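Order of the sequence lines sets the chain letters (A, B, ...), proteins ahead of strands, with each chain counted from 1. Only a predicted model underlies this, so the values are computations on that prediction, with no experimental measurement involved.
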Amino acid sequence: AQTVTQSQPEMSVQEAETVTLSCTYDTSESNYYLFWYKQPPSRQMILVIRQEAYKQQNATENRFSVNFQKAAKSFSLKISDSQLGDTAMYFCAFMKPKGGGADGLTFGKGTHLIIQP
Amino acid sequence: DAGVIQSPRHEVTEMGQEVTLRCKPISGHDYLFWYRQTMMRGLELLIYFNNNVPIDDSGMPEDRFSAKMPNASFSTLKIQPSEPRDSAVYFCASSPGREQRPQHFGDGTRLSIL
């Protein structure tokens with residue numbers, strides 16, 4: 001079974017700073033997908049970014065980027081120029097494809113990110 | 001386009017009552033997932049369907065929980081009888097058939113069992 005570990009229960013940074021959230025995972029699979037989801041106080045689960053394990057290039061989405069280290073089984077999220085609206089819980093998630101299709105997500109415990117004005 | 005729609009948004013009921021949570025996936029999505037979120041256990045997969053067929057129900061806590069998907073546009077998660085430890089936020093998510101497509105979540109149902 002896969003496990004996902006987020007070692008930072010809470011982080012706090014000033015607005016406009018850059019912050020990195022860490023995530024490590026354990027799997028024996030070679031093909032898989034990794035995701036970061038954001039959950040603001042409204043409790044919506046919003047996809048931030050995703051990475052396919054067979055792609056060496058790190059994914060980026062505007063101010064969000066990842067540092068994917070497959071050998072180290074590490075998948076950190078970097079948020080540049082942080083904004084007050086980035087305050088939320090952030091969850092790292094793992095998915096192993098099943099028969100060419102989807103499978104359930106395995107989530108980490110989450111990191112509560114607070115952006116201070 | 002409409003996202004995943006869950007109802008009710010909040011449910012408060014007494015122990016022993018039957019609870020039914022509902023989900024309408026995004027049109028055209030082949031997969032539907034039910035997750036539960038608690039402070040103690042975080043987010044955990046309960047069950048998922050592919051083309052209306054249950055594929056993996058290993059996360060369903062016990063026989064009190066059941067899920068159905070009678071057609072491509074509707075699913076239910078039922079708890080009977082409910083217990084206080086079932087209190088949680090229950091999320092439904094859906095995704096297209098291709099493995100690389102992400103899951104889209106509904107807004108969740110906050111369930112409180114008194």
Side-chain angles (χ1 to χ4, degrees), chain A residues 1-10 23 25 29-55 57 59 61 64 66 75 88-112, chain B residues 3-6 8-11 23 25-26 28-60 67 88-112:
Chain A
Q2 286 70 228
T3 58
V4 178
T5 302
Q6 294 180 250
S7 59
Q8 305 149 313
E10 186 170 288
C23 172
Y25 56 94
E29 303 292 330
S30 59
N31 183 31
Y32 49 87
Y33 297 85
L34 296 162
F35 306 87
W36 280 97
Y37 279 88
K38 170 185 177 181
Q39 186 178 42
S42 64
R43 83 165 181 250
Q44 290 176 290
M45 291 289 289
I46 303 165
L47 177 69
V48 175
I49 200 165
R50 66 185 173 96
Q51 176 78 40
E52 296 158 34
Y54 60 85
K55 288 188 176 179
Q57 186 174 6
E61 289 286 343
F64 299 86
V66 298
F75 182 60
M89 285 291 293
Y90 287 81
F91 293 96
C92 179
F94 173 102
M95 190 198 79
K96 169 181 67 66
K98 194 169 187 176
D103 198 1
L105 295 170
T106 300
F107 286 92
K109 294 293 188 186
T111 295
H112 184 204
Chain B
V4 176
I5 300 172
Q6 291 187 246
R9 184 158 174 82
H10 305 279
E11 174 90 7
C23 176
I26 294 172
H29 282 193
D30 298 336
Y31 286 83
L32 183 139
F33 305 84
W34 283 100
Y35 293 90
R36 180 172 68 175
Q37 184 177 30
T38 62
M39 289 296 291
M40 291 295 294
R41 300 174 66 89
L43 278 153
E44 51 184 349
L45 176 71
L46 298 178
I47 185 172
Y48 77 90
F49 297 83
N50 180 22
N51 292 321
N52 313 337
V53 176
I55 302 301
D56 184 352
D57 65 354
S58 59
M60 296 285 264
V89 177
Y90 291 81
F91 286 100
C92 176
S94 70
S95 70
R98 301 293 297 275
E99 62 185 44
Q100 67 270 33
R101 307 309 296 174
Q103 296 177 22
H104 299 263
F105 283 74
D107 288 345
T109 294
R110 179 175 294 281
L111 177 63
S112 298

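- For the atom pair CG of B/Leu43 and CD of A/Gln39, the computed distance is 6.5 Å after rounding to the nearest 0.5 Å.
- Counting heavy atoms from C-beta outward, B/Arg110 and A/Arg43 have side chains that approach closer than 4.5 Å.
- Only the side chain of B/Gln37 comes within less than 4.5 Å of a heavy atom in chain A; its backbone stays farther off.
- For A/Leu47, the part lying under 4.5 angstrom from a heavy atom of chain B is the side chain only.
- Using modelled atom types, no side-chain atom of A/Gln44 and backbone atom of B/Gly108 make a donor-acceptor pair closer than 3.5 Å.
- For B/Met39, no part lies near chain A; criterion is any non-hydrogen pair under 4.5 Å.
- The shortest non-hydrogen separation linking A/Tyr37 to B/Gln103 is OH-O, 2.8 Å.
- Few gaps surround CD on A/Glu10; more than 12 heavy atoms of other groups in view lie less than 6.0 Å from it.
- Residue-level contacts of residues 47-54 of chain B with chain A, in order of numbering, are B/Tyr48; threshold 4.5 Å between heavy atoms.
- Neither the backbone nor the side chain of A/Thr106 comes within less than 4.5 Å of any heavy atom in chain B.
- Contact detail for A/Gly104 and B/Leu45: the closest heavy-atom pair is CA-CD2, 3.6 Å.
- In this structure, CZ on B/Phe105 lies 5.5 Å from CG on A/Leu105, to the nearest 0.5 angstrom.
- Residues passing the ring pair (Phe, Tyr, Trp, His ring centres under 6.0 Å) test with A/Tyr32 are A/Tyr25, A/Phe94, sequence neighbours excluded.
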